[in-house]
Asker: 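Provided herewith is a single structure, encoded as structure tokens, for subsequent inquiry.
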Amino acid sequence: MNKIIKYSLWSVSLVAVTALSGVAYIAATLNPNDYKAQIIQLVQDKKQRTLKLDGDIKLVFFPSIGVNLGNLSLSEFQSDHEFLAVDSVRVSLALLPLLAKQLVVDEVVVRGLKVGLIKFKNGHTNIDDLLTKEESKSEGQLVKFDIASVHLENSGLSYRDETTRAQYALQDLRLHTGRIANNVPCKIDFSALIQTSQPKLDIAMQLATTLTFDLQQQLYQMEDMKLQVKGMALDINSLVLQASGNASAKLTTQEFTARKLVASASGVRGKDAFDAKLNIPALNMTKDKFSGDRLTLDAKLRGAIGDIAASFTLHDLAGNAQLFKSSALTLELEMKQPDQVFKVKLDSPVTGNFEQQQLNFSKLTVAVNASGDKLPNKSISSEMKGSVQLDGSRQSV
């Protein structure tokens, strides 16, 4: 038995030494730059695009097998105009999974990527030829992938729609991820400058979250999401948008959920400054219905007409594409002007019909208070109770 183990170990060692010797020989003798002309000609023949490889091609065999590419570019289809350019690319594969005939990407690092997408007036795009499906024996098989990390730095993406003359651009694009694999939580750190002409946007965006996905179930989950947007949008300046929380989507059953979702916005429009905050502790949506424990929206407006503060709350929200109901709707509104103050509070259960544009406040209470030097006795207060039905399709109350 000992001899069997001994000879087995010697055999494994011999195979390992032979394999390493082969790898070392290939690394020492093979120069991939000698094949640049063949690679360029292959791309020209297969895709009718011009590939330029101005940088060196370097092969790496340990601790992972991979390739480093420097300064390359790819032209448009049947044209010399540049479509894509990259300062450097590094892709490596894990060695051990290759022995088990598994493809595991160890790392992807891309720096200085620039891509220009175009939609022409005839409806075609400049990547139609790249998206053409080619026959393959492996077509139909489930593709399994496992990427240890992706790093994208100093990159940009532009898109021009010649049918609408709209232009979109992502600049200073940065993406860092953890392991990307099915049912494995993956940390994502993304940032970019976004500029568009229709609608007019000039914003900086940052996103950090943990993404988990299941491709077979078409399930996608985001945990601990933190989103921040700053800049200009439409006619709003000094815009700041922030959002945090958890969300999930199951596309096979069209189920969507949000937990601990908090979103806020502030900005300046003309001479008016505003800020608003939305709080949704729990929200569930399917293709047939939706439900939520509570929805709260607080907003403030500071402008020429005065300072306005509003608080809107819906409790036990439930419904579907046609109908909805809430056990309690509460609206508190306060307007402050130099010489007077108005306060309004509204409470009622509410039901509605989206298709027929109907609202029904079955037990409505409205309290109004006003104070100011120009008012009788410097104050006015009143309270009304009853029920109100609104019908938008018939324009009746």
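Computed over heavy atoms, backbone and side chain alike; hydrogens, waters and symmetry mates excluded. For reference, positions follow the sequence shown, starting with 1. As the structure is a computational prediction, the values presented were derived from the model and not from experiment.
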Asker: With rounding to the nearest 0.5 Å, note down the distance linking CG in Asp347 to CG in Leu331.
Answerer: 9.0 Å
Asker: Spell out, as yes or no, whether a donor-acceptor pair under 3.5 Å connects the side chain of Lys385 to the backbone of Val366.
Answerer: no
Asker: Are Gln356 and Arg394 packed together at the side-chain level, in the sense that at least one heavy-atom pair is separated by less than 4.5 angstrom?
Answerer: no
Asker: Could you state the interatomic distance from OG (Ser197) to CZ (Arg160), rounded to the nearest 0.5 Å?
Answerer: 11.5 Å
Asker: Side chains of Thr210 and Pro185: closer than 4.5 Å at any heavy-atom pair?
Answerer: yes
Asker: Applying side-chain contact (heavy atoms from CB on, under 4.5 Å) to Ile308 and Leu333, what does each step give before you reach the verdict?
Answerer: CA-CA 7 Å; Ile308 301 175; Leu333 181 67; 3.7 Å; yes
Asker: Rounded to the nearest 0.5 Å, how far apart are CD1 of Ile180 and CD1 of Ile147?
Answerer: 5.0 Å
Asker: Do Asp129 and Arg49 sit within salt-bridge range, that is, some charged N less than 4.0 Å from a carboxylate O?
Answerer: yes
Asker: May I have the step-by-step check of side chain to side chain donor-acceptor pair (under 3.5 Å) for Asp288 and Asn320, ending in yes or no?
Answerer: CA-CA 6 Å; Asp288 299 318; Asn320 52 39; over 6 Å; no
Asker: First locate atom OG of Ser393, then atom CD of Glu355, and finally report the distance between them rounded to the nearest 0.5 Å.
Answerer: 11.0 Å
Asker: Could you state whether Val184 and Val108 fall into the same hydrophobic cluster, counting links through intermediate Ile, Leu, Val, Met, Phe, Trp or Tyr residues with side-chain heavy atoms under 4.5 angstrom apart?
Answerer: no
Asker: Tell me, which pairs form a salt bridge (charged side-chain N to carboxylate O under 4.0 Å, His left out) where one or both residues lie in residues 113-124, sequence neighbours left out?
Answerer: none
Asker: Quick one: does Ser326's side chain have a donor or acceptor within less than 3.5 Å of a partner on Ala328's backbone?
Answerer: yes
Asker: I need the minimum non-hydrogen distance between Ala181 and Phe213, along with the two atoms involved.
Answerer: O-CZ, 3.6 Å
Asker: If I take atom CD from residue Gln322 and atom CG from residue Asn353, how far apart are they, to the nearest 0.5 angstrom?
Answerer: 7.5 Å
Asker: Write out all pairs satisfying ring pair (Phe, Tyr, Trp, His ring centres under 6.0 Å) with one or both partners inside residues 175-198, taking only residues at least two apart or from two chains.
Answerer: His151-His176
Asker: Honestly curious: do Leu113 and Val109 fall in one hydrophobic cluster under the side-chain, below-4.5 Å linking rule?
Answerer: no
Asker: Any side-chain heavy atom of Leu211 within less than 4.5 Å of one from Gln221?
Answerer: no
Asker: So does Leu201 get a backbone contact from the side chain of Gln195, meaning a donor-acceptor N/O pair under 3.5 Å?
Answerer: no
Asker: Counting N and O atoms only, with roles assigned by atom type, does the side chain of Asp293 sit under 3.5 Å from a partner on the main chain of Asp316, one being a donor and the other an acceptor?
Answerer: no
Asker: So if you build clusters from Ile, Leu, Val, Met, Phe, Trp, Tyr with side-chain heavy-atom gaps below 4.5 Å, do Val67 and Val86 land together?
Answerer: yes
Asker: Sort and list the pairs that fulfil salt bridge (charged side-chain N to carboxylate O under 4.0 Å, His left out) and have at least one residue in residues 222-233, not counting sequence neighbours.
Answerer: none
Asker: Determine the minimum heavy-atom distance between Thr177 and Ser149, stating which atoms define it.
Answerer: O-CB, 3.5 Å
Asker: Is Met205 reachable from Met232 through a run of I, L, V, M, F, W or Y residues, each pair having side-chain heavy atoms under 4.5 Å apart?
Answerer: no
Asker: At their closest point, which heavy atom of Ser155 faces which heavy atom of Gly112, and how far apart are they?
Answerer: OG-N, 3.8 Å
Asker: Restricting to side chain to side chain donor-acceptor pair (under 3.5 Å), what partner residues turn up for Thr212, sequence neighbours left out?
Answerer: none
Asker: Compute whether any side-chain donor of one residue and acceptor of the other, for Asp45 and Gln41, lie under 3.5 angstrom apart.
Answerer: yes
Asker: Is the side chain of Tyr168 donor-acceptor paired with the backbone N or O of Gln198 at a distance under 3.5 Å, no angle test?
Answerer: yes
Asker: For residues 296-308, which residue pairs pass the salt bridge (charged side-chain N to carboxylate O under 4.0 Å, His left out) check, not counting sequence neighbours?
Answerer: Asp275-Arg302
Asker: Considering residues at least two apart in sequence or located in another chain, which fulfil the side chain to side chain contact (heavy atoms under 4.5 Å, CB included) criterion with Glu82?
Answerer: Ser73, Ala85
Asker: Do any N or O atoms from the side chain of Asp56 and from the backbone of Lys58 form a donor-acceptor pair under 3.5 angstrom?
Answerer: no
Asker: Clusters formed by hydrophobic residues whose side-chain heavy atoms approach within less than 4.5 Å: which one holds Ile118, and what are its other members?
Answerer: Phe120
Asker: How close do Asn369 and Ser381 get, counting heavy atoms only, and between which atoms?
Answerer: OD1-CB, 3.0 Å
Asker: Side chains of Thr286 and Phe256, heavy atoms from C-beta outward: is any pair under 4.5 Å?
Answerer: no
Asker: With sequence neighbours left out, which residue pairs that include part of residues 324-366 fulfil the ring pair (Phe, Tyr, Trp, His ring centres under 6.0 Å) condition?
Answerer: Phe324-Phe354
Asker: Looking at side-chain heavy atoms only, is the closest gap between Glu383 and Thr365 below 4.5 Å?
Answerer: yes
Asker: Return each pair, listed once, that meets ring pair (Phe, Tyr, Trp, His ring centres under 6.0 Å) where at least one residue sits in residues 280-322; pairs must be two or more places apart or across chains.
Answerer: none
Asker: Can a donor-acceptor pair be found, under 3.5 Å and without considering hydrogens, that links the side chain of Ser75 to the backbone of Thr50?
Answerer: yes
Asker: Hey, does Leu323 have a side-chain heavy atom less than 4.5 Å from the side chain of Thr351?
Answerer: no
Asker: Between Ile57 and Lys36, is there a side-chain heavy-atom distance shorter than 4.5 Å?
Answerer: yes
Asker: Side chains of residues 257-269: which donor-acceptor partners sit under 3.5 Å, not counting sequence neighbours?
Answerer:
unit_1: Thr257; atom_1: OG1; unit_2: Ser248; atom_2: OG; d: 2.4
unit_1: Arg259; atom_1: NH1; unit_2: Asn284; atom_2: OD1; d: 3.2
unit_1: Arg259; atom_1: NH2; unit_2: Asn284; atom_2: OD1; d: 3.0
unit_1: Arg269; atom_1: NE; unit_2: Asp235; atom_2: OD2; d: 3.0
unit_1: Arg269; atom_1: NH2; unit_2: Asp235; atom_2: OD2; d: 3.4

Asker: Could you tell me which residues satisfy side chain to side chain donor-acceptor pair (under 3.5 Å) with Asn360, sequence neighbours excluded, listed by chain and number?
Answerer: Gln389
Asker: What's the separation between atom CD1 in Ile280 and atom CG in Leu283, rounded to the nearest 0.5 Å?
Answerer: 5.5 Å
Asker: Checking side chain to side chain donor-acceptor pair (under 3.5 Å) for the pair Gln395/Asp391: CA distance, chi angles, key distance, verdict?
Answerer: CA-CA 6 Å; Gln395 297 186 356; Asp391 193 325; over 6 Å; no
Asker: Between Asp161 (side chain only) and Thr163 (backbone N and O only), is there a donor and an acceptor less than 3.5 Å apart?
Answerer: yes
Asker: Sort and list the pairs that fulfil salt bridge (charged side-chain N to carboxylate O under 4.0 Å, His left out) and have at least one residue in residues 165-185, not counting sequence neighbours.
Answerer: Asp146-Arg179, Arg174-Asp189
Asker: Apply salt bridge (Lys or Arg N to Asp or Glu O under 4.0 Å) to Lys343 and Glu334, showing your working.
Answerer: CA-CA 4 Å; Lys343 294 183 180 180; Glu334 181 181 73; 3.6 Å; yes
Asker: Locate the shortest heavy-atom distance separating Ser348 from Ser362; write the atom from each residue and the value.
Answerer: OG-N, 3.6 Å
Asker: Given Thr313 and Leu329, is the side-chain contact (heavy atoms from CB on, under 4.5 Å) satisfied, shown in steps?
Answerer: CA-CA 6 Å; Thr313 304; Leu329 178 151; over 6 Å; no
Asker: Which heavy atom of Asp272 sits nearest a heavy atom of Ala304, and at what distance?
Answerer: OD1-N, 3.6 Å
Asker: Report yes if some heavy atom in the side chain of Met225 is under 4.5 Å from a heavy atom in the side chain of Asn246; otherwise report no.
Answerer: no
